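Every heavy atom of this structure was used, including side-chain atoms; hydrogens, water molecules and symmetry mates were not. Proteins come first, then strands; the chains are lettered A, B, ... in the order of their sequence lines, and each starts at number 1. Every value quoted in this text rests on a predicted model; they were computed, and no experiment measured them.
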Amino acid sequence: MTAFLVKRLIIAALTLVLASMVVFAVMEVLPGDAARLMLGLNASADQVEVLRNQMGLNAPLVLRYLHWAGGLLSLDFGRSYTYSVPVIDLVRERVVVSLPLALIALALSTVIAIPVGVFSASRQGRTGDTLAMGAAQLGVAVPNFWFALMLIYLFAVWLRLVPAGGFPGWGAGIWTALKSLILPAVALALPQAAILGRVARSALIEVLNEDYIRTARAKGLPYRAVLWRHALRNAMIPVLTILGLQFAFLLAGTIIIENVFYLPGLGRLIFQAITQRDLIVVESIVMLLVAAVILINLLVDFSYAIVDPRLRARQ
Amino acid sequence: MTMRIDLPEETIAGVLAKAFGNRSFLIGLAITLLIVAVALISFFWTPYDVTRLVIADKTQAPSWAHWFGTDHFGRDILSMIMVGARNSIAVALVAVGIGMGIGVPLGAFAAARGGIVDEALMRVNDLVFAFPALLSAIMITAIFGPGAVNAIIAIGIFNIPVFARVARAGALAIWPREFILAARAAGKGMTRITVEHILPNIATLLLVQGTIQFALGILAEAGLSYVGLGAQPPMPSWGRMLFDAQTRMVIAPWMAIFPGMAIVITVLGLNLLGDGLADILDPKSRRRR
C-alpha cells in the first residue's frame with residue numbers, strides 16, 4: 001500500500017515537472033518580446049535591452065526555466081505585463097470565484113448522481129431505470145454552456161429569480177454572492193452528473209452480482225442496508241476515478257461558463273490575458289490548472305486506500 | 001474489457017442480426033446518418049445563402065419562410081446549422097483521426113515491448129492527460145492564433161492518450177493468447193504480429209472508443225468556437241452561433257435554441273451509436289445488461 005502511494009506520489013511530481021517544462025517551452029517559442037511589450041513601441045532599443053537584462057530575459061534558457069520554476073514553488077509567478085502587479089495577486093482575486101464554483105458544481109453533481117445511480121441499479125431494467133438512464137443519456141449530450149444559456153433564459157430573463165450574470169463579490173454578503181453562482185454551478189454540474197450517474201449505476205450493478213452481496217442478504221440484512229452500505233462502498237472506486245477526471249473537466253468548464261455568466265474568475269482572466277498578450281498570466285494560470293488536475297488525481301489515488309479496505313490491508 | 005471477435009458465434013450474419021435487434025444502435029445510426037446527410041447536402045443546397053446578409057430580415061422569429069428563424073444579420077438559422085454541421089463533423093473526425101493515428105501505434109507498441117518503453121509511454125500519457133483539451137487549445141491559440149485547424153490539433157492531442165490507453169489495454173489482453181504464441185513460434189516478429197493479429201482483434205474496441213471521442217470532439221469544438229478559439233466567422237459553426245445568440249437571448253431566443261439542439265441531437269446520436277456498437281460487439285457488456 002505504502003509502496004503504491006509512494007509510486008503515485010513520484011509519478012505525480014514527475015508529471016508536474018514535465019508539464020512545467022512543456023508550458024515553459026511553449027511560452028518560449030512564442031513571438032513577442034515581454035520587455036518591448038511593457039515599454040511600448042516608442043522605447044529605444046537601448047531601453048528595451050536594459051529592461052531585458054533587468055527581467056533576466058537574456059539569461060541562458062536553463063537558468064530562466066529554473067528561476068521561473070523556482071518562483072512557482074514559492075507562488076511567485078512574476079509580474080503581469082499589462083497590469084504591472086504580481087500575477088499571484090490577480091490569481092488570488094479570481095480564484096475566490098473559480099474555486100468555489102468548481103467545488104459547488106462537483107458537490108452538486110455527486111449529490112445528484114449517486115442517488116440516481118443507486119436508484120437505477122436497484123431497479124435495473126425497469127421503467128424507473130430506463131427513464132433515469134434516458135435522461136442521463138440526454139444529459140451527457142448537452143453542452144454545459146448551451147445549458148447555461150437556457151437556464152439564464154428560464155430563471156433570469158423569464159422568472160427573474162436570479163441574476164443573469166456578473167458577481168457582486170463575497171463582500172456583498174454570502175447569500176448574494178452565492179445566488180450569482182447557483183446557475184453557473186447547475187449548468188456545470190448537470191452534464192457531469194449524467195456521466196457520473198451512468199458510471200455509478202454500472203459499477204453498482206457489477207458489485208450487486210458478487211457473492212458477498214448474496215451472503216449479506218442471506219444473513220437477513222435488509223436490501224436497503226446492503227445496497228447503501230455494502231454495495232455502494234465497493235462501487236466507489238470507479239466512481240472516484242471518474243470524479244477525479246471530472247474535476248479536470250469542471251476546471252476547464254469553469255473557464256467557459258465564467259464567460260457565459262460574466263464571472264470575474266480565472267477563466268475570464270485567461271481570455272483577457274490572451275487578447276492582451278499578457279503571456280506570463282496565461283502561463284501561470286495554465287500551470288496552476290494543470291497542477292490542480294495532477295493534485296486531484298493524486299488525491300483520488302489516495303482515497304482508494306480509504307474507501308477500499310482491501311488495499312489498506314495489503315500494507 | 002476483453003473482446004473476442006474470433007469466437008465461432010461471432011459470424012457476420014450473427015452480428016448483423018444483433019445490430020437489427022439493438023434499439024440504441026438503430027436510433028444512433030439513424031441520427032448519425034441524418035446529420036452526415038445534412039452536412040453533405042449543404043455542399044449543394046441550403047434554403048438560403050449563408051454568406052448573404054439581409055439586414056431587413058434580421059432576428060425574425062421562426063416562420064414558414066425561415067423554419068428556425070434568422071440571426072442578427074438576417075441569415076437563415078437552418079441554413080447556418082446545415083453548413084455548421086460540416087465544420088463540426090470535419091473537426092471531430094480529423095481529431096479522432098489524429099488520436100487514432102498516433103495513439104493506437106503508441107499503445108500497441110507499449111503493449112508489445114513492455115518494460116521501460118511501456119512505462120515511459122504511459123508517463124507521457126499522464127502528462128497529456130493533465131492538460132484538458134481547452135487548456136491545450138488556449139496554449140495553441142496563444143501561439144498560432146485562433147482557427148478551426150488549431151481547434152482540431154488541440155482536440156486531436158487530447159485524443160492521443162485516450163486511444164493509446166485503449167489500444168494498450170486491448171493489446172495486453174491479446175498478447176498472452178495461444179494464437180499469438182503460435183504466431184511467434186512461426187517466427188513472426190513483433191510488428192507483424194501486432195499488425196496481423198493484435199490490431200484486428202482490438203478493432204472493435206477502437207471503433208467504440210472512436211464513436212465516443214467523435215461525440216466528445218463535437219462538444220469540444222462547440223465549446224472552443226463558443227469562446228472564439230475555433231472556426232472564425234464568416235464560417236458558420238454551432239458554437240459561434242451560440243456566442244452570437246448569447247447577447248440576444250431576450251429578443252431572439254431561437255438563435256440559441258436551435259444550434260444547441262443540433263449539438264445535443266448529434267452528440268446523442270453518436271453516443272447511442274457507440275453504446276449500441278459496444279453491446280453488439282462486446283460479449284461481456286452484453287452479459288452485463
> Between Val22(A), Leu16(A), Ile256(A), which residue shows the highest count of heavy-atom pairs closer than 4.5 Å to chain B?
Replying inline: Ile256(A)

> Would you say Arg198(A) and Asp275(B) make side-chain contact, with heavy atoms under 4.5 Å?
Replying inline: yes

> Taking side chain as C-beta onward, heavy atoms only, is Val250(B) less than 4.5 Å from Tyr153(A)?
Replying inline: no

> What are the residues of residues 286-298 of chain A, in order of number, with any heavy atom under 4.5 angstrom from a heavy atom of chain B?
Replying inline: Val286(A), Leu289(A), Val290(A), Val293(A), Ile294(A)

> For the side chain of Trp146(A) and the backbone of Leu242(B), is there at least one donor-acceptor N/O pair under 3.5 Å apart?
Replying inline: no

> Which region of Phe145(A), side chain (C-beta onward) or backbone (N, CA, C, O), has a non-hydrogen atom less than 4.5 Å from a non-hydrogen atom of chain B, or is it both or neither?
Replying inline: side chain

> Quick one: what part of Ala215(B) sits under 4.5 Å from any heavy atom of chain A, side chain, backbone, both or neither?
Replying inline: neither

> By a 4.5 Å heavy-atom criterion (distance strictly below it), what part of Ile257(B) contacts chain A: side chain, backbone, both, or neither?
Replying inline: both

>> Quick check against the 3.5 Å criterion: does Gln246(B) have a side-chain atom that pairs as donor or acceptor with the backbone of Val260(A)?
In response: yes

>> Between Phe147(A) and chain B, with a heavy-atom cut-off of 4.5 Å, which part of the residue counts as in contact: side chain, backbone, both or neither?
In response: neither

> Among Thr15(A), Leu18(A), Ile11(A), which residue meets the side chain to side chain contact (heavy atoms under 4.5 Å, CB included) test with Arg123(B)?
Replying inline: Ile11(A)

> Are Phe243(B) and Asn259(A) close enough that some pair of their side-chain heavy atoms sits under 4.5 Å apart?
Replying inline: no

>> Do Val264(B) and Pro143(A) have side chains that approach each other closer than 4.5 Å (heavy atoms only, starting at C-beta)?
In response: yes

> Is the shortest heavy-atom distance from the side chain of Ile285(A) to the side chain of Leu135(B) under 4.5 Å?
Replying inline: no

